[in-house]
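In this chain, numbering begins with 1 at the start of the sequence shown. Counting convention: from 1, in listed order, for ligands and their atoms alike. In this text, all values refer to a predicted model and were calculated from it rather than measured experimentally.
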Amino acid sequence: MAQPTTTASAWPDEPVPLSLDTAPVPAYGSGSLADLLPTLAAGLGVPGFEHRIAELAPADRVCVFLIDGLGWEQVRAHPAEAPFLTSLLDSSRGGTGRPLTAGFPATTATSLASVGTGLPPGAHGLVGYTVRDPGTGELMNQLRWRPWTPPHVWQPYPTVFTLADAAGVHTAQVSSPAFQDTPLTKVALSGGTFHGRLSGEERMDFTADRLAGADRALVYTYYSEVDGAGHRFGVDSDAWRGQLMHADQLVQRLAEQLPARSALYVTADHGMVDIPFDEESRIDFDEDWELRAGVALLGGEGRARHVYAVPGAANDVLACWREVLGDRFWVAGREEAIAAGWFGPHVDERVHGRIGDVVAAAHDDVALTASLAEPHESAMAGMHGSMTAAEQLVPLLEVRT
Ligand SMILES: [Zn+2]
């Protein structure tokens with residue numbers, strides 16, 4: 001079942017959804033989100049890191065601006081709303097933009113942990129939106145950290161920020177004050193100093209200030225609302241386009257304030273796809289007796305499901321899910337998904353039991369909703385999580401001074 005790693009630039013536009021073997025695998029090790037900070041840390045001279053993304057040149061002051069939910073394909077499809085980002089894409093205007101792969105699943109908690117730890121999901125262990133805690137048997141929401149679980153037991157590795165800070169690099173995160181003390185921030189983004197700033201404009205200005213204040217700096221900043229508008233109203237809605245225009249202005253505002261010897265990298269945690277509001281496109285697990293048979297817990301999210309079977313039923317559940325969903329989802333058993341490298345080249349022992357007995361990733365514009373257990377998520381217009389290009393590819397756009 002092992003298959004070659006797909007490079008981000010060679011991602012298939014239209015994956016042929018015939019079998020598990022055709023599922024593309026994120027470019028772990030050379031072109032995924034988990035490779036970004038280690039490459040930047042290597043350029044800053046932090047011990048223990050190597051240069052993994054070939055094209056990135058070192059800089060003394062490095063900034064990562066992560067725009068939640070802004071996929072590579074969505075930027076490319078909206079030059080009018082994103083003129084500044086588009087100029088960074090366009091090689092005829094000196095742009096060097098390229099895509100990275102987010103990692104699987106393409107969801108915020110997983111991707112932020114990949115960015116911050118520099119590790120693929122199989123190592124940091126945040127392998128889904130909700131996953132089963134093998135210690136309690138309960139589902140745990142990784143984004144909201146419910147129920148509470150000791151953060152550093154769940155994710156024991158130090159972040160790249162922590163190691164950079166220890167190596168004498170001025171290290172900071174500039175984000176919403178709401179995220180300052182969350183367990184997800186602790187396990188994914190801690191190290192150096194967290195600065196809470198409410199508005200996007202304040203974050204940009206303060207980020208530029210932090211970069212200018214040190215000879216060697218690593219500063220992370222974040223904007224969430226492109227994702228929010230996409231979930232509520234859909235990609236390409238007026239609200240989403242308005243958020244894209246705002247994000248474009250924020251990037252330009254930061255770029256224009258960059259001090260000398262800086263590199264700004266704009267990226268995202270995942271893209272998004274719109275799911276039509278009809279019964280064919282939204283398969284309701286809570287109403288489907290066939291899919292529910294033998295299932296103890298349903299984790300993940302609409303486009304990337306972890307399915308936990310009752311003892312002894314895993315093979316039957318896998319066969320049934322393949323039969324019912326196989327032409328619209330990639331459906332793998334746990335060991336198949338691990339061997340195929342969906343979660344990275346290696347899955348830590350403590351992480352195995354968090355992965356579903358069956359893993360189902362949508363390749364069509366379809367979602368497996370759960371109208372009773374997840375009424376809020378099931379009603380969303382835009383979703384993400386799977387391995388299609390629209391979700392998996394995120395931009396890596398660079399501004400240098
Ligand atoms: Zn989202």
Side-chain angles (χ1 to χ4, degrees), residues 26 32-33 65-75 77-78 99-116 121 126-131 139-146 175-176 178-179 182-185 188-189 200 220-237 239-244 246-247 250 266-277 281-282 299-306 361-362 365-370 373-395:
S32 78
L33 275 181
F65 180 13
L66 192 143
I67 300 173
D68 202 314
L70 183 62
W72 166 256
E73 293 206 331
Q74 291 94 64
V75 178
H78 293 89
L100 295 176
T101 56
F104 183 77
T107 198
T108 297
T110 304
S111 290
L112 293 188
S114 299
V115 169
L126 279 72
V127 289
Y129 174 63
T130 61
V131 301
L139 275 186
M140 182 191 159
N141 184 307
Q142 309 274 275
L143 193 63
R144 310 188 196 293
W145 217 265
R146 288 190 202 132
S175 187
S176 165
F179 300 132
T182 67
L184 180 59
T185 296
L189 302 170
Y220 166 91
T221 187
Y222 171 81
Y223 183 70
S224 69
E225 288 309 308
V226 175
D227 183 68
H231 280 307
R232 280 193 295 279
F233 306 108
V235 173
D236 225 19
S237 61
W240 185 88
R241 285 168 180 259
Q243 280 298 335
L244 176 59
H246 186 58
L250 291 177
V266 180
T267 190
D269 51 351
H270 54 74
M272 191 172 286
V273 290
D274 287 342
I275 309 301
F277 281 94
S281 309
R282 292 168 182 260
E301 58 203 299
R303 292 185 55 80
R305 286 296 184 185
H306 288 289
D365 57 346
V366 60
L368 189 78
T369 60
E374 304 167 356
H376 173 67
E377 291 90 338
S378 297
M380 286 172 168
M383 298 190 191
H384 51 80
S386 191
M387 290 192 280
T388 66
E391 295 155 282
Q392 188 60 227
L393 297 186
V394 294

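Atoms CD and CZ, on Gln74 and Arg241 in that order, are 12.0 Å from each other to the nearest 0.5 Å.
Not a single N, O or S atom of His270, from either the backbone or the side chain, sits less than 2.8 Å from the Zn ion (ligand 1). The Zn ion (ligand 1) has an N, O or S atom of Asp227 closer than 2.8 Å.
In His231, the N, O or S atom that comes nearest to the Zn ion (ligand 1) is NE2.
Ring geometry for Tyr222 against Phe179 counts as perpendicular: the plane angle is over 60°, on a 0 to 90° scale with 30° as the lower cut.
In this structure, the ring of His270 has its center no less than 6.0 angstrom from the ring center of Trp72.
Classification of Glu377 and Arg144 as a salt-bridged pair fails, no side-chain N sitting under 4.0 Å from a carboxylate O.
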